Amino acid sequence: MGKGKGFGKVILFNEHFVVYGIPSIVSAIDLKTTAVVEKHTKNQVILDDQRPATKGYKEEKKKHRKESLNRILKKMEKENHPLKITLGGNLVAASGIGASAASCVAIARAINEEFNMELTEEEINAVAFEGEKGYHGSPSGVDNTAATYGGLIWFKKGAPDVMERLKIKTPLGIVMGNTGVVANTKLAVKNVRQKKEKYPCLYEKIFTHAEQVVEHAKEALMSYNLTELGECMNKNHSLLQKIAVSNKNLDFLVQLARETGALGAKLTGGGLGGYMVALTPGSTLQEKVARAITREGFYALKTRIGV
Ligand code: MEV
């Protein structure tokens, strides 16, 4: 029996822009997906998905999940092995929190253990990247990188990708609010690409701005200037609105978090549903923002970055 884990994640800056080589900041969160791989005698691969999940998520992602698993098995040269794979863990499978990447990493690690493949972390990440293609089409690699390595990361897609670990002086409290809407990241990424092609000048301006915001955010994060950091998150959300990946529920929760005292708030992940994230240092503020979100009937997750 082989076992593996992958972290959930929160993108703090530049989802979507990261697909085009603009730097991003991402953090793993303290929730994981687990995978157990067992050899069996029936001549097929069985995937038993026991993860807790947002309503409709598993049904909606079934096709993507299958394609993803086939890609992983092919990449690891295990497509002809009868395996039973069981997914579990405490990460609630939903859009925007890195559920697909966490599962890809967990499966890659579990297969690696079962077959004593002795893959490096880099190779596990490469397998997970292949698996992510089943969900995202052409992923940037930011999600699987966070799900593999954990921690707080500066990530820039390129040849090769740039991954820099960021160390901050004290972990920071955040609240993640779930709209409950299962979103299609593949579609969101495709929409951005089409609009970028249609309005090149406008999009170039927005993308330049996104690059400035993330550079500024990195300085604010490293100098622990939380007011500035929060403002950068707000600016990032406006840019994400401009490229049309936010929606009414996300904007509502972002606004609610800000009005309740969060230093900044933005959508996180692919958008069009899924999660938003609010910067809430200190347990009192974190509790207050989480309660405001819950009171409106949405799920709120309290967690930390930079642990
Ligand atoms: C999804 O979590 C993040 C996106 O930027 C897609 C990607 O980077 O692959 C929307």
Side-chain angles (χ1 to χ4, degrees), residues 6-29 31 33 54 57 60-61 64-65 67-68 71 91-105 125-149 152-158 161-163 174 176 178-179 181-196 203 206-207 210-211 213-214 217 233 236-237 239-247 250 266-277 301 305:
F7 294 102
K9 67 96 208 334
V10 54
I11 298 184
L12 297 165
F13 291 95
N14 280 353
E15 43 276 274
H16 287 286
F17 301 110
V18 67
V19 173
Y20 301 88
I22 305 285
S24 62
I25 299 178
V26 63
S27 177
I29 58 169
L31 294 172
T33 290
T54 288
Y57 180 88
E60 191 82 16
K61 300 286 171 186
H64 289 172
R65 200 185 59 189
E67 187 187 333
S68 169
R71 283 178 174 276
L91 177 70
V92 177
S95 300
I97 199 160
S100 60
S103 71
C104 292
V105 172
N125 195 25
V127 172
F129 179 69
E130 191 58 33
E132 275 283 87
K133 290 181 188 167
Y135 289 94
H136 288 200
S138 52
S140 66
V142 67
D143 291 6
N144 49 277
T145 299
T148 302
Y149 296 100
L152 184 57
I153 293 169
W154 170 270
F155 177 87
K156 186 175 188 300
K157 179 184 163 178
D161 294 339
V162 175
M163 179 194 132
I174 58 167
M176 297 179 71
N178 187 358
T179 60
V181 176
V182 178
N184 185 338
T185 306
K186 219 176 207 170
L187 183 69
V189 171
K190 188 172 143 212
N191 288 348
V192 173
R193 186 173 300 279
Q194 281 174 349
K195 293 222 181 70
K196 190 172 180 294
Y203 271 62
I206 301 172
F207 275 54
E211 184 149 15
V213 170
V214 75
M233 287 172 76
N236 209 209
H237 185 69
L239 297 173
L240 292 161
Q241 283 176 316
K242 285 191 181 143
I243 61 167
V245 292
S246 193
N247 70 5
L250 283 165
K266 62 180 278 291
L267 72 84
T268 185
L272 302 180
Y275 272 92
M276 51 71 71
V277 55
L301 171 70
I305 56 162

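Values below: all heavy atoms of this structure, side chains included; hydrogens, waters and symmetry mates excluded. Just so you know, ligand 1 is whichever comes first in the structure, and atom 1 is the first atom listed for that ligand. Quick caveat: nothing in here was measured; it's all calculated off a predicted structure. Numbering of residues begins at 1 and proceeds along the displayed sequence.
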I need the atoms of ligand 1 closer than 4.0 Å to a non-hydrogen atom of [X], numbered in the order shown.
{"X": "E15", "result": "5 (O)"}
{"X": "P139", "result": "9 (O)"}
{"X": "D143", "result": "1 (C), 2 (O)"}
{"X": "V142", "result": "8 (O)"}
{"X": "V18", "result": "5 (O), 8 (O)"}
{"X": "G269", "result": "2 (O)"}

ask   = Have T54 and N178 got a donor and an acceptor in their side chains that come within less than 3.5 Å?
value = yes
ask   = Between S24 and E15, do the side chains contain an N or O donor and an N or O acceptor separated by less than 3.5 Å?
value =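 Side-chain D/A pair, S24 to E15: absent.
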message = Taking the side chain as everything from C-beta on, heavy atoms only, tell me whether L301 gets closer than 4.5 Å to L31.
response = yes
ask   = Any side-chain heavy atom of V10 within less than 4.5 Å of one from S27?
value = yes
query = Can a non-hydrogen atom of K157 be found less than 4.0 Å from any atom of ligand 1?
reply = no
inquiry  = Measuring from atom 10 (C) of ligand 1, which candidate in K133, H16, K186, H136 has the nearest non-hydrogen atom?
reply    =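 Among K133, H16, K186, H136, the closest heavy atom to atom 10 (C) of ligand 1 belongs to H16.
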task = For T179 and Y275, indicate whether the former's side chain and the latter's backbone hold a donor-acceptor pair under 3.5 Å.
result = no
ask   = I11 pairs by side chain to side chain contact (heavy atoms under 4.5 Å, CB included) with which of I25, V18, D143?
value = D143
task = May I ask you to check if ligand 1 and S140 share an N or O to N or O distance below 3.5 Å?
result =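 In this structure, S140 places an N or O atom under 3.5 Å from an N or O of ligand 1.
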query = Can you name the nearest heavy-atom pair linking K186 to G137, along with the distance?
reply =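 Closest approach of K186 to G137, heavy atoms only: CE-N, 3.6 Å.
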remark   = Nearest non-hydrogen protein atom to atom 3 (C) of ligand 1, with distance, is I11 CD1, 3.7 Å
